[in-house]
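One structure is given here, and the rest of the page talks about it.
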Amino acid sequence: MAVRLRMAVHGLRNNRIFHLVAVNQRQRRNAKPIELLGVYNPRLKPGETTKTVEWSVQRIKYWLKVGATPSKSVTKLLQMGGVLRPDHTLAPDTFRQHPSETPAPSAQESVPSSQPTAS
């Protein structure tokens, strides 16, 4: 079973709360998770100046150690929180791109040199 660390959305439309969860990657976004790893509330309460994330670093490191793949947004959050290093192999720019998003080879590279063969 492939496990993915991702955000699950909860709350009302203008008052979202995101749960950091470990879930089977084939299940839908808000499916029942294997484990709840943290809570991120992006809204600031009156008098606060920073957003906070409550998470279990030990459990996140455990899931990463056993092979769970974090989503791009979770990777960015873990890097900002100091759980992952910015040069970690799971950084967002190292994710595989869809074949349609890869740049096309230049015209010089794609045209094979065809020499007329003497028969």
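Heavy-atom basis, side chains included; hydrogens, waters and symmetry copies ignored.
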Exercise. May I ask you to test the Ser71-Leu5 pair for a side-chain heavy-atom distance under 4.5 Å?
Key: no
Side-chain polar contacts of residues 31-40 - donor-acceptor pairs under 3.5 angstrom, sequence neighbours left out - could you list them?
unit_1, atom_1, unit_2, atom_2, d
Glu35, OE1, Arg59, NE, 3.4
Glu35, OE1, Arg59, NH2, 3.0
Glu35, OE1, Trp63, NE1, 2.7
Glu35, OE2, Arg59, NE, 2.8

Exercise. Check for a donor-acceptor pair, side chain of Arg16 on one end and backbone N or O of Gly11 on the other, with a separation under 3.5 Å.
Key: yes
Listing, residues 41-50 side-chain donor-acceptor contacts under 3.5 Å, not counting sequence neighbours, or none:
unit_1, atom_1, unit_2, atom_2, d
Asn41, OD1, Arg43, N, 3.3
Arg43, NH1, Asn14, O, 2.6
Glu48, OE1, Lys45, N, 3.4

Practice problem: Is it possible for you to say whether Val66 and Val57 belong to one hydrophobic cluster, with membership spreading through side-chain heavy-atom contacts below 4.5 Å? | Solution: yes
Self-check item: Closest contact, heavy atoms only, Asn24 versus Ala2
Solution: OD1-O, 3.3 Å
Self-check item: Derivation and outcome, side-chain contact (heavy atoms from CB on, under 4.5 Å), residues Val23 and Arg6
Solution: CA-CA 8 Å; Val23 66; Arg6 63 182 178 204; 3.1 Å; yes
Quiz item: How long is the span from the NZ atom in Lys51 to the CE atom in Met80, to the nearest 0.5 Å?
Solution: 9.0 Å
Quiz item: Roughly how far, to the nearest 0.5 Å, is the CG atom of Leu64 from the CG atom of Leu84?
Solution: 5.5 Å
Quiz prompt | Heavy-atom check, side chain of Trp55 versus side chain of Leu77, under 4.5 Å | solution = yes
Quiz item: Would you say the side chain of Ile17 lies within less than 4.5 Å of the side chain of Val9, judging by non-hydrogen atoms?
Solution: no
Quiz item: NE2 of His19 to CE of Met7: how many Å apart, nearest 0.5 Å?
Solution: 9.5 Å
